[in-house]
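Okay, structure first, notes after.
Everything quoted here is computed from the prediction, not taken from an experiment. Chain naming here is simple, since letters A, B, ... match the order of the sequence lines and numbering starts at 1 in each.
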Amino acid sequence: MALSTQPYKGARDFYPPDKRFQKFMFSVMRKTAERYGYEEYDAPILEPLEIYTAKTGDEIVNDQTYTFEDRGGRKVTIRPEMTPTVSRMVAGKRQELAYPLRWYSIPNLWRYERPQAGRLREHWQLNVDIFGIEELDAELEVIQISHEILKNLGATDETFNIRLNTRKLTNYVLADHLGLDDATTHSASKLMDRMHKMERSEFVKLLKEVMPPGKADELVKLLSVKELSELPDSIKSQEPAKRLSALLDLLKKSGITNASYDPTLIRGFDYYTDIVFEVFDNHPDNNRSMFGGGRYDGLVGMFGVEPVPTVGFGMGDVTLQKFIELHDLMPPIGTETDLYVVLIDEVSDHARKVIADFRQMGINVAVDWESQKADKAIKSAVKKQIPFCLFIGAREIQDEQYTLKDLATTKEEHGSVEYLSKVIKAKKAGSRYLHITG
RNA sequence: GCGGACGUAGCUCAGUUGGUAGAGCGUCGGGUUGUGGUCCCGAAUGUCGUGGGUUCAAUCCCCAUCGUUCGCCCCA
């Protein structure tokens with residue numbers, strides 16, 4: 001019985017071209033985060049189950065995560081998200097860290113679920129968090145970073161939009177303004193989160209099943225506003241509304257033209273305490289939320305230390321890749337190998353020395369040790385997308401002038417190792433694919 | 001966890017109202033033994049996802065199972 005060559009359900013193999021693309025995405029993420037002074041951290045992929053159950057307080061965690069018992073009888077979970085982990089790390093050094101902390105990471109995360117479009121069991125997610133700032137500057141900075149990553153990937157403001165809301169305002173509207181009890185507030189907010197996914201009449205019908213019809217009608221009216229200013233005075237005069245309004249203003253002043261208020265925005269996690277945001281793809285074939293984040297001031301405090309105000313977001317690679325493909329932002333990404341050496345006659349000490357010299361010059365060299373025929377070696381190099389071929393045969397060895405072939409232009413030139421290295425480097429520098437410099 | 005669709009060559013797929021299969025692309029070889037992408041010629045490759053059932057006979061029908069995929073629940 002032959003073994004299957006397929007990767008595990010819901011997980012992916014990254015063949016070199018896939019990995020190249022991933023490295024490209026990650027490098028844009030890293031460079032953008034670092035431009036804002038964020039530092040990279042990492043942590044174990046395994047965590048004690050409790051850091052997830054304590055937060056959500058539910059057994060759902062058991063059903064939707066990879067959890068097992070280790071040989072010491074400990075319940076262990078493969079991390080499904082990074083936020084509890086980073087909160088744990090901050091809490092662990094609560095007193096000695098220099099605030100504000102600006103941290104980022106690109107962890108591999110796992111959840112036990114049925115795979116579907118844009119959602120696998122395994123994915124990578126950029127996590128950007130700022131700890132220790134209560135003011136809106138934290139929200140502004142984090143949203144700027146997420147906006148700028150998309151821009152640095154080549155996206156324009158027209159291709160996506162940023163929606164904002166605040167948990168506090170939603171709670172005020174449901175609990176205080178409409179006077180709903182806790183259970184009704186909860187079920188109403190779950191419905192609100194799905195409002196855009198259904199017909200309006202369907203939404204109203206479902207809403208009326210959980211609350212008095214009059215209140216449902218009023219809620220629908222409040223959820224239909226496009227701007228904070230359209231809300232009744234009694235609501236928009238509340239602190240959370242003013243705060244959100246100020247943030248929207250700051251975003252506009254920062255040149256972000258695609259951010260707006262969305263009263264239906266909730267986000268699934270319970271740990272958000274105030275402002276939340278989500279980034280939506282504007283492409284008709286992918287009209288969905290790509291990623292988001294918000295303020296969660298209470299999570300660090302769960303570890304028994306003084307709480308730390310925190311704002312962060314998570315950006316997954318699967319949805320981001322879909323965005324890049326749909327908007328045709330995929331850059332040509334070649335191999336890291338610069339040069340494919342073809343030994344025409346035989347492997348000589350001279351040829352070995354030449355190969356070593358190229359490497360010494362900083363050129364990434366692969367050698368075609370076996371193929372005697374030049375045409376096969378060239379085909380192989382083309383297939384590997386290596387930009388240059390170098391021929392070393394009797395002629396070259398004799399006059400120490402080697403033959404370099406540019407596989408894209410088919411042009412050849414002869415020269416010393418030093419000269420040809422410069423030619424290769426010049427071409428490499430010209431093919432920079434990042435939209436961000438450095 | 002629930003429901004739909006699908007599973008035939010490396011890839012994309014055709015096919016058989018039940019008699020053990022085909023195309024295109026790709027791969028490999030040759031034309032062209034120091035030069036690729038074009039062209040021409042030739043070749044290889046399948047337990048028709050897996051297991052069981054019905055049948056003289058199953059890739060086809062039935063059941064189960066695994067996998068892929070889309071959606072629901074849930075929500076990175």
Side-chain angles (χ1 to χ4, degrees), chain A residues 1-12 15 52 55-56 58-66 78-85 106-127 189-191 193-194 197-198 265-272 276 278-279 285 288-294 312-320 322 340-346 368 371-398 402-414:
Chain A
M1 177 79 182
L3 292 167
S4 169
T5 58
Q6 283 186 328
Y8 173 73
K9 187 184 181 75
R12 298 162 289 169
Y15 284 85
Y52 305 109
K55 182 196 62 182
T56 60
D58 241 323
E59 285 138 29
I60 314 166
V61 172
N62 263 315
D63 299 333
Q64 300 195 344
T65 61
Y66 284 87
I78 301 178
R79 61 188 178 198
E81 53 159 335
M82 200 59 167
T83 304
T85 298
I106 311 179
N108 191 210
L109 308 173
W110 291 76
R111 57 188 159 217
Y112 194 81
E113 280 187 311
R114 198 89 176 253
Q116 55 183 289
R119 270 178 90 189
L120 305 172
R121 287 183 164 185
E122 159 272 326
H123 73 145
W124 301 76
Q125 187 192 59
L126 169 69
N127 277 251
S189 63
K190 290 283 177 197
L191 278 174
D193 207 22
R194 289 164 54 207
K197 283 180 142 184
M198 57 181 103
L265 184 64
I266 302 290
R267 286 187 69 71
F269 282 132
D270 289 336
Y271 54 63
Y272 291 113
V276 289
E278 250 173 38
V279 177
D285 295 344
R288 56 179 287 171
S289 167
M290 292 197 290
F291 64 89
F313 73 90
M315 177 189 272
D317 68 329
V318 179
T319 41
L320 187 62
K322 176 120 188 191
Y340 199 66
V341 171
V342 184
L343 303 163
I344 298 299
D345 301 308
E346 61 186 28
D368 188 272
S371 184
Q372 288 106 1
K373 294 184 179 176
D375 63 337
K376 284 190 191 146
I378 288 171
K379 272 187 186 171
S380 186
V382 168
K383 194 164 181 180
K384 292 173 198 288
Q385 297 178 281
I386 298 171
F388 292 98
C389 251
L390 184 85
F391 300 97
I392 305 179
R395 296 206 292 268
E396 285 80 2
I397 286 174
Q398 183 155 23
Y402 310 98
T403 307
L404 182 75
K405 185 185 181 81
D406 183 325
L407 293 170
T409 64
T410 79
K411 290 207 174 105
E412 287 188 10
E413 51 187 316
H414 305 273

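Contact annotation: A/K379 does not reach the phosphate of B/rU35 (side-chain N/O to OP1 or OP2, under 4.0 Å).
Looking at heavy-atom distances under 4.0 Å, A/K190 makes contact with sugar-phosphate atoms alone, never a base. In this structure, A/E396 reaches the bases: a heavy-atom distance under 4.0 Å links it to at least one base atom across the strands shown.
With hydrogens and angles disregarded, no donor-acceptor distance shorter than 3.5 Å links the side chain of A/R111 to the backbone of A/Y66.
Donor-acceptor pairing under 3.5 Å, judged by distance alone, is absent between the side chain of A/K373 and the base of B/rU33.
The number of heavy-atom neighbours closer than 6.0 Å to OH of A/Y8, taken from other residues, nucleotides and ligands shown, is above 12.
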Please assess A/T83 against A/Y271 for the test side-chain contact (heavy atoms from CB on, under 4.5 Å), listing each intermediate value before the final yes or no.
CA-CA 10 Å; A/T83 304; A/Y271 54 63; 3.4 Å; yes
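Nucleotide B/rA64 forms a pair with B/rU50, judged by Watson-Crick or G-U wobble geometry with both contacts under 3.5 Å. Pair assignment for B/rG26: none, as no Watson-Crick or G-U wobble contacts are both less than 3.5 Å. Within the shown strands, B/rG4 is the pairing partner of B/rU69 under the Watson-Crick or G-U definition, both distances less than 3.5 Å. Base pairing of B/rC56: its partner is B/rG19, meeting the Watson-Crick or G-U wobble criterion (both donor-acceptor distances under 3.5 Å).
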Annotated protein contacts, base or backbone, on nucleotides 66-71 of chain B with a non-hydrogen cut-off under 4.0 Å, one of B, S, - each
-SS-SS
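Heavy-atom distances to RNA chain B give each of A/G292 and A/R194 a nearest nucleotide, and the one nearer the 5′ end belongs to A/R194. Ranked by how close their nearest RNA chain B nucleotide is to the 5' end, A/Q125 and A/E412 are led by A/E412.
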